[in-house]
Amino acid sequence: MLPVLLRLSFTSLWMQLLLYAVAVGVVSSIAFNGWQGAEGSVDAKTGKAAPASLQDKLLRALGFAAIGGALAYFGLMYALPADAFPGGKGEGIPLHTYGVLLASGFICAVSVAGRLAQDEWRRVTFVEGRGFVDTEGPKKREQVMDMAFWVLVGGLVGSRVLFVMVNWQDYAQDWTKAFSLGGGLVFYGGLIGAGLAAYLFARKYDLDFLRLADVCIPTVSLGQCLGRLGCFSAGCCWGDMAGSHSHTGVTFPGSGVAQDLFGRLGHASSLAYGSQAGDDRFVVEATGQVLHHAAPGAVRISDWVAQHGTTLPVYPTQLFESVGQLGLFVALLYARRFRRFHGHIFALWLMAYAVLRTTVELFRGDVERGTLHGLLESLGAQGLAASVPLEAWYNVSTSQFISLCMFTFGALLLGRHRPAGRHTYEQYFLGMERQAPIRAHEDLKKRMIRLKGAFVRSTSVKFRVQTIHNKFLTYERLWVRTIQEIEAGTYHRDLAKARRRSEAQKKPAASGQPRKDVVELPEEISDMEIEEIEELTGRRPINEPKVPGRPVNEPVVPVAAVATGGTPFRGTPSVAPVAAPVAPLGGTPFRGTPAVPGVPAVAGATKLPSLTPAMPSTVGGTPAAGRPAVPPGMAAKSGAPAAPARPVVTAPVAAPRPATAGPGGGMSDDKLRAVYDAYVTAKRRCQEDTSKLSYESVAATLRKQVPELLKQHNAKAVEFKVVIKDGKASLKAVPK
């Protein structure tokens, strides 16, 4: 039995009445939640649920009340005596330190996971009457909170199942004991069960499981940090014998020594004491060496424990793992800013925790955790079990075997999602890889073809696809030309020279200009970029109706040109820019591009985007109207005229920091008027009613929201964009 922190007894009448009142309140709260959560039938056309009828609410409330009443019945029967409740056991409500810390760890993990999910899926948009609000983050936070119940049930079931499997010899005679509530939980079983429950939840609600795992998996270490403190208080998962002279050894009390919160002696001992009280092995007290036979200077473990009332000094492995889990939690939160694909943090956690747990298992001394020796004994192979002593290094535990599987799975996940761009090409071009990555190149090419052929409704996603495709065209050009040189026998690599030039690339010239003998590869293409866009793309429905008059020109995001210059080193082709140059900001536009009146320069802002965005390059495809085609491999000259701009749709405006901003966050009347004009123009193009949309209301809202956004996001500026989606125009703020 676990040591008790505090026991609530219900022997007096007023305590019994108080418990009855609490039970009634809990059941009523459950029924009320069922009443509020009732929904009507779902409309097949709109996909929205109709308001629930009175009958639906009553049926749902009664169902929830029945479940709550059943739970309250078993709780009252366990806590109240027989004279206060029929069939009562009168054991009261014991509060165990282990349970309190375990519940605290779970609550902290769920709370932090909800906050991380809100930041992960944050989407700030302008809502009339409310200003700039996050429309997507709170929804994901609520979904993570709902998933917590699934994870709790899956974790409890999985931990109990693995405990029964490891200690099957104790349940083989009477398998009904497996359903008892007398404890017996294993972390790895809970992790497997909770992971399976989270995967089913993600499939049910159409969530990316690996992205969800990246958000939630660091909080598992936070919860386990507090949970291992509960293990230390209960005396479970203890370490091996440390010896009487060890400075790290700790002892766990027995039933005559353990005290509760008020200093009263309890009737329960720690789990470590109960295990060592029945241990017939011998130990050398000074060194902690465990023997299976009597020897000079060795005493029987059970005799020593019965004489002193405490356990022998053992290693505090619970504290070791608790500190390691806290460090792992902090490290993974910091590593989130460097992740390259969905599942990156999940893979790192699998590998790191496997190493941590395997290391801690080397200092464990509890044989109940399940080892190879115990498995052979349970199978009846006594001869083989004798050849695998409990103290042998090769007597691996169940947790070490699962850790090996976890590490392998994490390594495979990490290797499968290597960066899809620079790693694939640069390592070969610089001489780091001898074999050409043919397979990786073909896989990336197939993904890009699939991405370009997908139907995309949102214009912002279209230009994200175009940006990635432009990067890919550069890599493709490098790849084809290099392969041609290899086949012609003109491609030569000098590893030493490649390394020197790679180091020189990191050290630009003193004048700030790039070295002419260094090749600068463009920005990285990561798997996470492609996966995020693949989530938003899908095939166009065959029976989709064509709405006449729907606007097709959505806001255009400027695509910055990739400037690479200089002569490459021998054997490596040069890199050509793949995007058209962007009109200079705040100055004279290029020939053929109309100037933007009415938007003055903003003091303190580094860049003021133009209201007329630049058109993206169409390298490798059909050129835009009025623009000559640019062949692959040919860089666009800086003096070439740009294509005429498309109609004004966006109105990005930058706002300075609150420290230097005046009233209203530095939003002058000219800037407010520019945002308002672009917003109204977009709404009129979408055939929306703008009669109630006045300049004063929009200006007042912006002046109020800009300082709050700058302070909330700690941003230097805020960029406003008019976004047209599904035939409706909305104003979006992007903190920079």
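These numbers come from the heavy atoms of this one structure, side chains and all, not from hydrogens, waters or symmetry mates. Remember, it's a predicted structure, so these values are computed and weren't measured experimentally.
- The CG atom of Leu226 lies 10.5 Å from the CD1 atom of Ile107; values are rounded to the nearest 0.5 Å.
- Between Arg115 and Val112, the closest side-chain pair of non-hydrogen atoms is not below 4.5 Å.
- Considering all non-hydrogen atoms of both residues, Lys140 and Leu207 come closest at CE-CD2, 3.7 Å.
- The local environment of NZ in Lys732 is sparse, with at most 12 non-hydrogen atoms from other residues, nucleotides or ligands closer than 6.0 Å.
- Closest approach of Gly324 and Leu356 over heavy atoms only: C-CD2, 3.7 Å.
- Heavy-atom minimum distance, Ala729 versus Tyr679: O-CE1, 4.1 Å.
- Heavy-atom neighbours of Glu39 CD from other residues, nucleotides or ligands within 6.0 Å: at or below the threshold of 12.
- Judged as a side chain to side chain donor-acceptor pair (under 3.5 Å), and not counting sequence neighbours, the contacts of Ser697 are Ser694.
- The closest donor-acceptor contact from the side chain of Tyr676 to the backbone of Glu696 lies at 3.5 Å or more, if one exists at all.
- With hydrogens and angles ignored, the 3.5 Å screen pairs a side-chain donor or acceptor of Arg60 with a backbone N or O of Gly34.
- Look at Asp214 and Arg211 and you find no salt bridge, because none of the NZ, NE, NH1 or NH2 atoms lies under 4.0 Å from a carboxylate O.
- A donor-acceptor pair under 3.5 Å is formed between the side chain of Thr219 and the backbone N or O of Cys216.
- For Ala198, the side-chain contact (heavy atoms from CB on, under 4.5 Å) partners are Met147, Val151, Phe209, not counting sequence neighbours.
- Taking the six-membered ring for Trp and thresholds of 30 and 60 degrees, Phe341 and His344 have nearly parallel ring planes, at less than 30 degrees apart.
- Scored by the side chain to side chain donor-acceptor pair (under 3.5 Å) test, Asp134 finds no partners at all (sequence neighbours excluded).
- Atom CZ of residue Arg141 and atom CD of residue Glu120 lie 15.5 Å apart, to the nearest 0.5 angstrom.
- The two atoms that bring Gln224 and Gln325 nearest to each other are CG-NE2, 3.1 Å, heavy atoms only.
- Between the NZ atom of Lys204 and the CH2 atom of Trp150 there is a distance of 5.5 Å, given to the nearest 0.5 Å.
- In the displayed structure, Arg673 atom CZ is contacted under 6.0 Å by more than 12 heavy atoms of other residues, nucleotides or ligands.
- At least one side-chain heavy atom of Gln466 sits under 4.5 Å from a side-chain heavy atom of Lys452.
- Not a single donor-acceptor pair under 3.5 Å links the side chain of Ser29 to the backbone N or O of Gly25.
- Counting heavy atoms from C-beta outward, Val215 and Trp121 have side chains that approach closer than 4.5 Å.
- Nearest heavy-atom pair, Ala699 versus Leu672, reported as atom, atom and distance to 0.1 Å: CB-CD1, 3.8 Å.
- Taking CG of Leu212 as the start and CG of Leu116 as the end, the distance is 11.0 Å to the nearest 0.5 Å.
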Q) Does the side chain to side chain contact (heavy atoms under 4.5 Å, CB included) test come out yes or no for Phe201 and Asp146, once each step is laid out? A) CA-CA 9 Å; Phe201 182 88; Asp146 294 340; 4.3 Å; yes
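- Judged by distance alone, with hydrogens and angles left aside, the side-chain atoms of Ser221 form no donor-acceptor pair with the main-chain N or O of Leu326 at under 3.5 Å.
- Atom CZ in Phe132 sits 13.0 Å away from atom NZ in Lys704 (nearest 0.5 Å).
- Closest non-hydrogen pair, Gln705 versus Gly131, comes out as NE2-CA, 3.8 Å.
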Q. Does the side chain to side chain contact (heavy atoms under 4.5 Å, CB included) test come out yes or no for Leu333 and Arg336, once each step is laid out?
A. CA-CA 5 Å; Leu333 284 186; Arg336 279 173 53 85; 4.0 Å; yes
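- In this structure, CG in Leu210 is found 9.5 Å from OH in Tyr199, a value given to the nearest 0.5 Å.
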